[in-house]
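Have a look at the structure below before the remarks.
Heavy atoms only: backbone and side chains are in, while hydrogens, waters and symmetry mates are out. This one's a predicted model, so the numbers in the text were calculated from it and none came from an experiment.
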Amino acid sequence: MQVLRYSGLLPGKFQAKYDKVVQAIERNDFRSVDLKKLAPTPYYRARLDDASRLLLQFVRHGDRTACLALEIVPHHAYEKSRFLRGAHVDPSRIEDATPEQVARTAEPVRYLHPGRGEFHLLDKPISFDDAQEAVYWMPPPLILVGSAGSGKTALTLEKLRQCSGEVLYITQSPWLAQNARALYDAHGYQNDDQQVQFLSYREFLETLRVPAGREVTFADFRAWFERHRQQYRFTDAHPCFEEFRGVIGSQPEGVLDRDAYLALGPRQSIFEPDQRQAIHALFDKYRQWLADSGLYDSNLVAHAWQPLAQPQYDFVVVDEVQDLTNAQLALVLATLRSAGQFLLCGDSNQIVHPNFFSWAAVKSLFWRSPELAERQRLSVLSVNYRNTRAITAAANALLKIKHARFGSIDRESNHLVRAASDSDGQVRLLPDQEAVNRDLDARTRGSTQFAVLVLRDEDKAQARTVFHTPLVFSVHEAKGLEYPNIILYRFVSGQRRAYAEICEGVSAQDLAREDLDYRRAKDKQDRSLELWKFYVNALYVAMTRAVERLYLVESDLTHPLLQLLGIHQRNDKLEVPASQSSREDWEREAHRLALQGKQEQADAIRQSVLKTRTVPWPVWDAALLQASIERAYDPREVSNKPRQLLADMALWHFLDGHLVALHTELAWPGMRGLLLEDPFHALHFDHARLKQARANLAARHTSGYEKKNVKPILQHCDQYGVDHLTVTGATPLMLAAEAGNVALVDTLLDRGADLELRDPFGHTAQSFALARAARDADYAGGAFGEIWQRVAAPMLDVEVDGRLLRLYRQQGEYLLLQLMLTGLKTLGSLLYNLPKHDVRRLHGFDAAYLMRNIEHFPDAVWPAQRRKRTYFNAVLARAEVDSAYQPARRLWLRTRNGHYLPNPALRLRVRGSDGQQSWQPVYEVLQLPIIERGNGRLAWQPGPTYRRLMRDTGLDLQDGPPAIPD
């Protein structure tokens with residue numbers, strides 16, 4: 001058996017002992033190294049010496065099994081293992097390993113290099129082929145071209161780990177940026193030599209300045225364009241939008257004026273010279289419409305933000321660069337400290353978004369610098385590790401047609417792809433007939449393994465009348481998707497003329513070559529590629545979304561494009577692997593799609609498959625709390641129900657100020673016994689009774705969350721959805737995190753529970769866990785560590801001074817700000833239950849308050865070297881509003897010496913019910929007006945804490961929480 005060493009494993013003083021273990025495993029001698037299985041983890045351990053162990057994992061590729069050496073664990077300190085991540089290793093469950101067990105538990109991988117003895121690791125082990133290995137060691141600047149499934153993202157992330165200093169990974173898609181971050185951080189990876197940012201392009205703009213309004217979408221543009229169609233019958237919305245973004249607005253020097261636009265050459269514009277004057281006039285109307293509608297075009301913002309771009313990054317990776325325009329790319333590269341320290345990767349065959357991208361235009365950015373032009377290197381990844389052979393062959397045939405019809409697009413895209421898969425897969429052409437569609441629909445509608453793709457958004461309605469799966473996407477939504485089985489519905493038949501034009505003059509002989517020779521189109525005036533590339537690229541993207549099988553449902557079975565592709569109707573029996581996915585599978589799919597921004601399909605799953613119902617109980621939401629406050633403090637209210645409801649909500653949320661007000665202002669008997677007066681007529685709580693009252697409340701509403709038998713909770717999830725709101729206004733995940741029920745948290749997350757959802761006071765599942773850890777030492781030293789690893793967000797986004805500031809978990813400010821956001825509702829209350837020496841907390845958070853139980857926090861949450869008050873004070877001082885520290889984060893306002901509250905100008909990114917994200921003032925998110933209660937009226941009134949916050953800002957308090965100042 002071959003042993004492969006993880007590239008991050010350096011045996012050091014254990015080298016000789018490590019070599020002996022490797023030699024023993026290579027001869028399958030497990031006994032001499034005392035190989036054990038660390039149940040229930042996927043890992044094994046081998047004995048290095050009496051006190052040290054080697055952590056191992058086994059993988060297989062085909063008939064070949066390999067052992068992966070991951071990490072040396074000295075002194076049996078499994079709790080400090082990077083890969084075990086705090087998982088408890090029960091000595092009684094450590095069992096002897098057998099060859100049969102190793103073979104059974106070996107994880108399948110897509111590729112293993114036949115000779116290389118080292119592997120890389122993201123979320124899964126990665127073995128580079130020769131081309132990938134060469135790129136891995138290649139210095140920048142570098143352009144990397146690779147098709148879908150070529151492994152270019154994994155390769156770029158590994159290259160990113162080589163860099164030091166300030167490092168940026170950027171891509172157009174928020175989902176891809178988030179997923180890349182998760183891959184990069186997998187298994188607890190950290191690099192102390194770098195500070196790395198993972199940003200979507202919109203987030204990158206926000207780091208310079210947050211644009212006002214919402215980014216325009218193609219759907220927005222299409223609706224606007226229809227109002228002008230009468231005057232522009234010679235074009236359509238898609239080419240017009242492409243001209244605006246990719247031609248008129250794409251130059252790094254700025255938007256083209258009318259004369260410069262009219263002077264463009266024939267291959268530099270989609271439109272004829274006599275049409276361009278009208279198009280430029282429409283562009284002026286477009287800019288005015290954006291301003292009037294509160295929308296922005298990120299391409300135009302790139303021009304306006306150029307003066308804001310300062311050298312900041314030591315290395316930049318731009319992934320899926322074909323989705324950016326030159327103006328956008330130039331803005332990114334302007335933030336480099338040293339020109340040429342970048343890697344660009346993408347595939348021009350996957351352009352379906354309007355931007356007029358070309359590799360030649362990208363390289364023209366470098367040719368302005370002779371040094372960069374000389375140093376730039378281009379590498380092509382030609383192996384496909386995703387798609388089966390049949391799908392890869394069909395995609396290659398389409399590229400051959402594109403090449404034969406239009407000539408070589410550029411040298412960078414002039415290659416075919418080789419499938420690494422051992423599976424043949426399948427590509428089938430099916431007639432668009434009622435009986436066939438009905439059979440196909442019946443086999444696929446209940447499975448998350450099948451998706452239907454159509455060409456345009458407007459085609460989805462017709463597809464849904466035929467196929468009843470909620471997984472119906474247009475090609476614009478297809479980027480980032482990957483399904484075992486894809487059905488293309490009327491892709492070619494719905495656009496007969498366009499696809500006939502694409503294969504005009506192409507014969508079967510033109511496709512006989514096994515590779516693509518480089519030849520440019522002879523006619524320099526020919527705009528055919530620009531006119532038709534959307535259709536050919538869209539089909540290519542749609543094909544490559546299928547991993548195993550591709551089904552084309554067409555009414556025109558003899559269309560010349562299908563003939564050239566070699567896709568013919570077959571008479572043999574259709575073998576569609578019918579399957580019925582579980583409810584849990586659909587829940588996970590809905591959650592994944594929501595994270596990708598595919599809210600329409602996620603909602604369709606919840607409505608048509610999960611059929612979740614509205615909860616039958618009243619939920620303690622912000623509206624009910626506000627209404628209860630209004631009624632409870634109304635002297636004309638005769639019923640005690642609003643007061644009892646307010647008391648319950650105040651007990652649950654630790655809003656002690658409301659409990660005091662019910663006693664002092666209303667003399668409500670329900671508070672009798674909880675509040676006592678001392679001989680000096682000072683009020684204080686009876687802590688034993690207060691604790692018991694909260695325990696009784698929890699027993700009524702959340703008692704099941706600490707138990708092992710969670711069947712009733714999961715039954716509610718089946719009925720009302722995994723993210724349904726309980727009576728308390730919290731989701732099951734929030735309550736499970738607070739209860740420290742690791743198994744339940746895992747189950748809910750596996751079913752797609754949403755970590756970003758907030759309760760009425762802006763708290764997430766992470767907040768619930770952190771709040772309990774701060775008040776419960778046993779929880780902090782117990783389940784908290786494992787819960788934190790599961791529910792803690794990898795970063796916290798805040799808007800400060802009009803710019804995005806992203807805090808990562810390893811930064812000191814991250815935990816301190818999370819503690820403030822979590823503790824504000826308790827701190828903002830009147831705090832009559834605190835001992836006298838703690839009344840100082842009314843002035844804000846100090847180091848002592850923030851350090852509650854910090855000594856019990858696991859190292860994975862807060863390293864031991866940071867558990868000193870001097871460290872807390874230093875972090876508090878450097879991030880206050882008036883600090884001269886650079887970078888100036890301005891996260892909190894100093895209210896008095898050593899006491900701080902979140903900066904009132906701070907904004908948090910909040911996701912709405914429609915999936916859209918927006919920036920909201922921090923004290924609106926945290927419901928400070930409700931916390932302070934004011935005078936009990938529904939209208940917001942500033943309370944003492946808010947007045948103190950505003951004292952030095954000069955902002956108006958009369959109309960609610962302030963807007964961010966200019």
Side-chain angles (χ1 to χ4, degrees), residues 172 201-202 205 211 213 215-229 231-293 295-307 321-334 348 351-365 368 476 524-525 527-534 537:
Q172 184 71 258
Y201 189 77
R202 184 197 57 165
L205 289 177
E215 185 172 4
V216 66
T217 64
F218 177 66
D220 296 325
F221 178 83
R222 185 177 59 212
W224 173 80
F225 179 82
E226 289 301 318
R227 291 155 42 187
H228 300 273
R229 177 172 288 281
Q231 294 80 30
Y232 293 88
R233 292 184 175 276
F234 60 85
T235 186
D236 201 355
H238 192 278
C240 191
F241 197 40
E242 177 145 11
E243 190 81 351
F244 286 2
R245 292 174 59 84
V247 180
I248 300 177
S250 69
Q251 298 304 311
E253 296 79 11
V255 174
L256 294 178
D257 61 24
R258 186 177 63 85
D259 292 339
Y261 177 53
L262 296 178
L264 291 177
R267 298 293 293 272
Q268 295 176 295
S269 170
I270 297 174
F271 294 97
E272 300 288 345
D274 58 353
Q275 297 172 335
R276 294 184 196 169
Q277 188 153 335
I279 290 295
H280 201 278
L282 185 63
F283 178 74
D284 291 335
K285 295 178 182 178
Y286 167 68
R287 298 180 76 173
Q288 185 59 50
W289 167 69
L290 290 175
D292 295 341
S293 305
L295 302 172
Y296 69 87
D297 184 328
S298 61
N299 202 43
L300 301 180
V301 171
H303 297 299
W305 271 211
Q306 277 284 350
V321 68
Q322 76 276 357
D323 293 337
L324 301 180
T325 67
N326 266 15
Q328 294 170 330
L329 181 57
L331 182 66
V332 174
L333 298 182
S348 62
I351 301 169
V352 294
H353 297 284
N355 64 3
F356 215 74
F357 174 89
S358 74
W359 285 112
V362 169
K363 291 192 294 184
S364 69
L365 290 175
R368 300 172 190 181
H476 282 117
K524 303 300 182 183
Q525 306 294 318
R527 293 188 186 84
S528 299
L529 174 62
E530 285 72 28
L531 293 173
W532 306 115
K533 72 176 180 182
F534 164 75
N537 287 358

Validation row: [X], [Y] side chains within 4.5 angstrom (heavy atoms):
{"X": "Leu329", "Y": "Thr325", "value": "no"}
{"X": "Arg276", "Y": "Leu264", "value": "yes"}
{"X": "Cys240", "Y": "Ile279", "value": "yes"}
{"X": "Asp220", "Y": "Trp289", "value": "yes"}
{"X": "Tyr296", "Y": "Val216", "value": "no"}
{"X": "Leu282", "Y": "Phe244", "value": "yes"}

Plane angle bin for Phe271 and Phe234 - parallel if under 30°, tilted between 30 and 60°, otherwise perpendicular: perpendicular
Parallel, tilted or perpendicular: ring planes of Phe241 versus Phe218, cut at 30 and 60 degrees: tilted
What are the two closest non-hydrogen atoms of [X] and [Y], and how far apart are they?
{"X": "Gly249", "Y": "His303", "answer": "O-NE2, 2.7 Å"}
{"X": "Ala302", "Y": "Ala327", "answer": "CB-O, 3.9 Å"}
{"X": "Gln306", "Y": "Ala330", "answer": "NE2-C, 4.0 Å"}
{"X": "Val332", "Y": "Tyr201", "answer": "CG2-CE1, 3.8 Å"}
{"X": "Pro239", "Y": "Thr235", "answer": "CG-OG1, 3.5 Å"}

Between [X] and [Y]: side-chain donor-acceptor atoms closer than 3.5 Å:
{"X": "Asp292", "Y": "Gln288", "value": "yes"}
{"X": "Asn326", "Y": "Ser250", "value": "no"}
{"X": "Glu243", "Y": "Ser269", "value": "yes"}

Residue that, paired with Phe283, satisfies side-chain contact (heavy atoms from CB on, under 4.5 Å) out of Val255, Leu256, Val247: Val255
Leu324 and Asn299: CA distance, side-chain angles, deciding distance, side-chain contact (heavy atoms from CB on, under 4.5 Å) verdict: CA-CA 9 Å; Leu324 301 180; Asn299 202 43; over 6 Å; no
Ring centres under 6.0 angstrom apart (Tyr286, Phe221): yes
Trace of the side chain to side chain donor-acceptor pair (under 3.5 Å) decision for Tyr261 with Gln268: CA-CA 9 Å; Tyr261 177 53; Gln268 295 176 295; over 6 Å; no
By side-chain hydrogen bond (donor to acceptor under 3.5 Å, both in side chains) - contacts of Asp236 (at least two apart): Arg229
Audit row: Ile270, Glu242, side-chain contact (heavy atoms from CB on, under 4.5 Å) steps and yes/no: CA-CA 8 Å; Ile270 297 174; Glu242 177 145 11; 3.7 Å; yes
Thr217/Leu295 under side-chain contact (heavy atoms from CB on, under 4.5 Å): CA gap, chis, key distance, verdict: CA-CA 9 Å; Thr217 64; Leu295 302 172; over 6 Å; no
Arg233: partners by side chain to side chain contact (heavy atoms under 4.5 Å, CB included), with sequence neighbours left out: Gln230
Steps toward side-chain contact (heavy atoms from CB on, under 4.5 Å) verdict (Gln172, Arg202): CA-CA 7 Å; Gln172 184 71 258; Arg202 184 197 57 165; 6.0 Å; no
Interatomic distance, Arg227 atom CZ to Lys285 atom NZ [nearest 0.5 angstrom]: 10.5 Å
